Structure formats: C-alpha cells, structure tokens
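Encoded as structure tokens, the structure appears first; notes follow it.
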Amino acid sequence: MAKELWEGNAAIAEAAIRAGLEAFYGYPITPQTEVLEHLSHRMIELGRVFLQAESEVASINMVYGAACTGVRVMTSSSSPGISLMQEGLSYIACSEVPAVVCNIMRGGPGLGNVQPAQGDYFQAVKSAGHGDYHMIVLAPSNVQEAIDLMVLAFDLADKYRTIAMLVADGAIGQMMEPAEMPPLRPLRKPEERGEWALTGARGREPNTITSLYLGAENLEVVNLRLQEKLRQIEANEVRWKEYDTEDAELLLVAFGTVGRICQTAVREARAKGVKVGLLRPVTLWPFPSARLAELAGQVQGMLVVEMNAGQMLQDVRLAVEGRCPIEFYGRMGGVIPLPDDILPELHKLEAAVGAG
Amino acid sequence: MAKGMVIIDEDRCKGCGLCVSVCPVNILRLAEGRFNAKGYPPVEVSDPEKCTGCASCAIICPDVVFTVYRRKRQPQPATAAA
Amino acid sequence: MATIDIPADMELVYQRPESLTPAHTHYCPGCTHGIIHRLIAEVLDELGLRERTIGIAPVGCSVLAYYYFNFDMAEAAHGRAPAMATGMKRTNPDKVVFTYQGDGDLAAIGTAEIVHSANRGELFTTIFVNNAIYGMTGGQMAPTTLPGQVSTSCPSGRDVELAGFPMHMAELLGGLPGTAYVTRQAVFDVRGIRRTKKALTTAFRAQLAGLGFTMVEVLSTCNTNWHMSVLGALEWAKDKMVGYYPLGDTKVSDAVRAMLEEK
C-alpha cells in the first residue's frame, strides 16, 4: 500500500481498525478527539461497534465488559480522561483480559491545557491504577510508528492478556505526515475467542472473570502469576531505537516527540564535531534498562530530555546505576524543547564530563 | 396419604424460619437441641401426612433447602409413563 | 443426603434450578438475596437461556454471586456493571446479559452508568436489589435509606436536611425514553416472590425481543444490619419500605405491552 497523508489521531484510529478492532468506547477530549471522530463513522460503516460513552469511567468499563467476551476492543483519551480510567485499568489488569488504551497526552496537572506534553509517564509506567501491575506502554515518535505500534498493541495485549497503552503527545496526534497503513485484517471469528472468555457456557463449565480474591494467600498467588507474566514481557518485549550510538561519547535519551527532536539535535551536534548518539525507548514499560546500562559503560555522560519535570529520568538513573553522569533538560506545560534548546545543554554536559 | 412431600437438605439450612412462617398447614418447625453442619437448627417436618406439596416453603427459602413433590392429580396409565 | 424413595405417584414440583450451582451462599440467615438469585435462575432455566447468559456481579453483599450462578459471570467495579454490560451486549447481541446490583452500587456510586445505560436503551436487564442499607460494609446509610432510618453512618436516623432524600430509581429510570420495562417488586411473602418472578420473566423476554432497557427493582431485607429478627425485618419492610417505595410497574412500553398480550 502506498503512503498517504495521515493526521496522527486519524492514523491511530485507522490502524486500530486495520488490526481488527471490533469495538470502540470513548469520550471526547482534546487533543485526542479525532481518534473518536474517525472511528465514529468508520466503525459504523464496517458494521462494528462504536459508542460514545457518558464518561471515561464508563468507557473503560465498557472496554472491560467487551474484553471479557474476548473481542478486540479499545478506548482512547487524553491525560485527565486517562486519570478517570485508573480504576478500570486496575480491574482489567487483575482480571487478565486484553485491552488497548490510547493516551494522547496533554499538559497537566489538573485541567492543564491542550498542548502536547509527556507528564503522564509516571502514570503510564509506574502508577496506573491501584495494586501491583504494569501495562505495556508504547511510545511512537511519528505517525508511521504510531500506526505500527497501534497494531502491535493489539497483538501484545492478546498475547499476554494484558493492557497495552499507546502514549503519544498531542503533537503526534495532531501532526500530518505521509504514512502507510497495513492491510485490513479479517475480524476474529466468535469461535476464535479465548477459552477463558465469557461466551455463554454452552457445553462447558461456566467461566468467571473477577479481580476479587478473598484470603491473603489466594491473592498472593494471583499476584505471583501476574508478576511472572510481567517478567516474561520484560524478557521478550523491550523495544528501542538507537541513532549514532556506535562511536558516541555522549548519549541523549528521549521518547516520543522529544525523541524525534533529539534526532535533529544529534545531527546538528555531530555537524559541530560532538560525538553524540540517541537512545529512544519505544516501550516505556518494559524499559530498555539493560541496553542503557551497556551504553553507560561506553559514553561519558547522558542527557535525558523530556516534556515533563524528569520522569523517565528516574528509570534512566535506575538503569545506569551511577556508571556515568546524567543530566536532565525538561520543559513543561506544553512547551516543546527545540534543538536550539537541547544543544546548549549538550555542550554543558560535554564540558562537564570532558568529552570530545 | 399425604398430597405432597418435601425433602430437606439440612446442611443448606440456616434456620432463618422463613419457611416456617409461610407453611399454610403449619407443619414446619426448627429443630430443637439439634444442629446442622453450619451450626444452625435445621427445619424439619412435624407432620408429613399434612403436606400438600404447595411449595411455599421452597418459594420463600433463600437457601434452596427444599425439593418438593406433589401427588399427581390423575394417576397416569402405566403405558403412558415416561 | 440419604436416599429417599419417592412414591411413584408423586411428581417433582420444585427443585434447585440448573442455573444455580450447588454452592451454599455466604448470605446471612433470612437474607433475601438467595430468593432473588433463585428467581433469576428459575426464569433463565424456563426461558432456556442458561447457556447464552452472561451475568455481572456488583460490589456489595452479592459480590460473590458468580459462585452461585451456573453460567458465565464477570465481577464489576463498584457501580460500573451497567457500563460493563453495555460493552458486553453491544459486542454480543446474541447473548443475554444482566447486571445484579445493590442500592449503593446502582443508586450512589454507579448512578451515571445506570442512568445513561437506561437512557440509551441498552438491551440488558438490571436486577436492582434495594434493601435500604449498605450490607457488606456493615450497615451504613444507603442512597435508599428511609428518612429517619438508623444506620451506622446516620446513627440518629437519616436526616433529609443533611443527607438528602432517598432515591426512587424505578421512577427515575421509568421516566427515561430508552427504557422498555421498569418495575418495583418485593420478596416479602410468597405472593410477592411469585410477582417478582413474573416481572423477571417479562424483563428477560423484553431483552430477548430487543425492546429496550429493562430493570426489576426488588425491595429486599437486611435483618442483620437493620438489627431486627428475620420476620421482624419482613414486617418492617412491608410496613415502612413499601410505603416509601410503591410497588408496581413504572414503565411498560407499548412494545412490551404488545409482547405480553401476544403470549
């Protein structure tokens, strides 16, 4: 299929359709609304389920209900709406049903604004809902990658019976770029739904889907199983991209829109003779900690750049464990750091560690 | 001959007495000095011959303690029996 | 149980419905949840729906209802069962979906979900068990606690100046255009139980026919947290609850009426 010009949000929505999305439940919120709008007509045209819910609380529980029956289902929202979904996410995680959630992040905290931001890193990676669990968190840095990761999100959610969350910021959601859509996959047939799914107990024992386990030992067993699954995901599903790291003496670490801006910063710095590379995590959870630890032995310092106050920074520090100095440059409130902002920070790091 | 009969699954009984209160022929009572596996005095039938098989006890019982039989109004010919 | 010989001229008139498991419930002695569970099971058996039913348990005393119903079930977050049911039924229109919810679940924390589901005319059935108290947490004030009724969180009795008035959910939902059949019944005596079963049959038949949202509110007792005897609770319920929450249908759409007349 040839490349076409796609707006990020519409591309995400269409990619979900191509991946076999059977039902979408969502609520309008800027800068995500185009996902819902695109699906509002495409899903109906295709005879699939689309419903605008009364709230994000309802949306995520509609997703939970549909997911219990083994269909491919998703919702999308933006930061404040994702906050409202935290309860449902926790239930879905414990119930081990597959679900896909898209967060087109905006500035916070509170109502914040509708500018692009990355302030939901902690929420997505560390603190979704209550209790011990993680979601698989995928962070695209351009429209094509958003399409590809949307499809991957469904496959990973199904494979591990877990939540896969696509986190993009409003810039990716709203930008237009040439991109190629995957072919339309056939929808899952009812008989292809998981054996665990609630499909009516015809000729079998009833299935139950619950997140309630009375008794400390019982719930610990469930938690141990969830943790084992998370370890498998960590072993199998870490994804990242590297740029100019072979001979790098300094390393930029950034994800999403900032990851893309940092590619420009690397080019410009290289033109000035600074041997800098970039590591861009594609999965924010699981995090490419092992690779960062390796690179910490190679480079003389790292600069983490984010559109927040330093959230992924903590995971970089945990991965590096003090093997090299780590500096941070962040902008908040919807301000996007530009290469001209990043380069001076890089030079400061260069001077501090004596590289070059 | 009794028109009906009830079978009581004693260990399901919680001794709430709802059945006792609705039995139209007053033949149900809670056991005295006897307890089931749950520790409740289970329901028992004081006079089985009076049972009409009305199933009121089963209808109000929250714990599915009763199975109820009723005498057929017109006995079927043996050939028609399933 | 010892084997008992059943005389040949006796016929079975009542036994545990197939849609109930043999599990003993955790409910208190005399709790009417068990009656309502059984009625749902009987109706699903009689309509031949057990193998295509998905039920949703709430948070509250009936949180473990999936141990007792012998068909596929999910456990919802507090108040969210109608949203889950919406998600299930929209993707599985051939299934029979119901939510089983208490008063705190449906009329307090889940008010948005039930009102919007009803208003959209979602094709599932809600069984709303109203016993005017929070049972599982130990007897706090519910949205349906009667004025003056004592609970652990309104120890001097519900003061409507402070806490507002009890919610009339059947009237509220019956007034919405998306609802096909909404009724309030009570399981305080054999007659009321029979009527409740009839209402449940109507609700599930209307769901099967795709006529709109259906809800059966069932007035229920909680002798434990009302601090009454089993029979005393029934008397109080008949005397006080029915006065505040009148029994009967609050919505029978023309389509449901036609369905009932058709037979």
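Letters A, B, ... mirror the listed sequences (proteins, then strands); counts begin at 1. Because the structure is predicted, anything quoted here is derived from the model rather than measured.
Interface summary for chain A: among C:K95, C:H116, C:R52, the most heavy-atom pairs under 4.5 angstrom belong to C:H116. Of the listed residues C:E113, C:R50, C:M73, the one with more heavy-atom pairs under 4.5 angstrom with chain A than any other is C:M73. Per-residue heavy-atom pair counts under 4.5 Å with chain C were compared for A:V63, A:V49, A:V73, and the maximum is reached by A:V49. Looking only at heavy-atom pairs under 4.5 Å with chain A, the residue among C:A81, C:A83, C:G79 that has the most is C:A83.
In this structure, no portion of C:A85 lies under 4.5 Å from any heavy atom of chain A. With a threshold of 4.5 angstrom between heavy atoms, A:R193 approaches chain C through side-chain atoms but not through N, CA, C or O. Contacts of A:V71 with chain C are made by side-chain atoms alone, with heavy-atom separations under 4.5 Å and no backbone atom involved. Both the backbone and the side chain of C:N70 come within less than 4.5 Å of a heavy atom of chain A. For a residue to count as touching a neighbouring chain, one of its non-hydrogen atoms must lie under 4.5 Å from one of that chain's; by this rule C:A57 does not touch chain A. Interface residue A:A197: only backbone heavy atoms are found under 4.5 Å from chain C. Contact annotation for A:R48: neither backbone nor side-chain heavy atoms come within less than 4.5 Å of a heavy atom of chain C.
Counting heavy-atom neighbours within 6.0 Å of C:Y134 OH, excluding the residue itself, gives a total above 12. The neighbour count for C:F165 CZ, taken as heavy atoms of other residues, nucleotides or ligands under 6.0 Å away, does not exceed 12.
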(message) The test is side chain to side chain contact (heavy atoms under 4.5 Å, CB included); show your working for A:L214 and C:L64 and say whether it passes.
(response) CA-CA 10 Å; A:L214 296 173; C:L64 296 172; 3.9 Å; yes

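Here OH of C:Y67 is found 8.5 Å from OG1 of A:T208. Values are rounded to the nearest 0.5 Å. Distance check: C:T91 OG1 to A:L51 CG gives 11.0 Å after rounding to the nearest 0.5 Å. Expressed to the nearest 0.5 Å, how far CZ of C:R90 lies from CD of A:E22 amounts to 15.5 Å. Note that the CD atom of C:E75 and the SG atom of A:C94 stand 10.5 Å from one another [nearest 0.5 Å]. Here the CD-NE2 distance, from A:E87 to C:H78, works out to 9.5 Å after rounding to the nearest 0.5 Å. Taken from CD1 in C:I54 to CG in A:L198, the straight-line distance is 5.5 Å, to the nearest 0.5 Å.
When all heavy atoms of A:G65 and C:M88 are compared, the closest pair comes out as O-CG, 3.1 Å.
Side chain of A:Y25 to main chain of C:G87: a donor-acceptor pair is present (N/O by atom type, distance under 3.5 Å, no hydrogens or angles). C:D72 places a side-chain N or O within 3.5 Å of a backbone atom of A:N207 that can act as its donor or acceptor partner.
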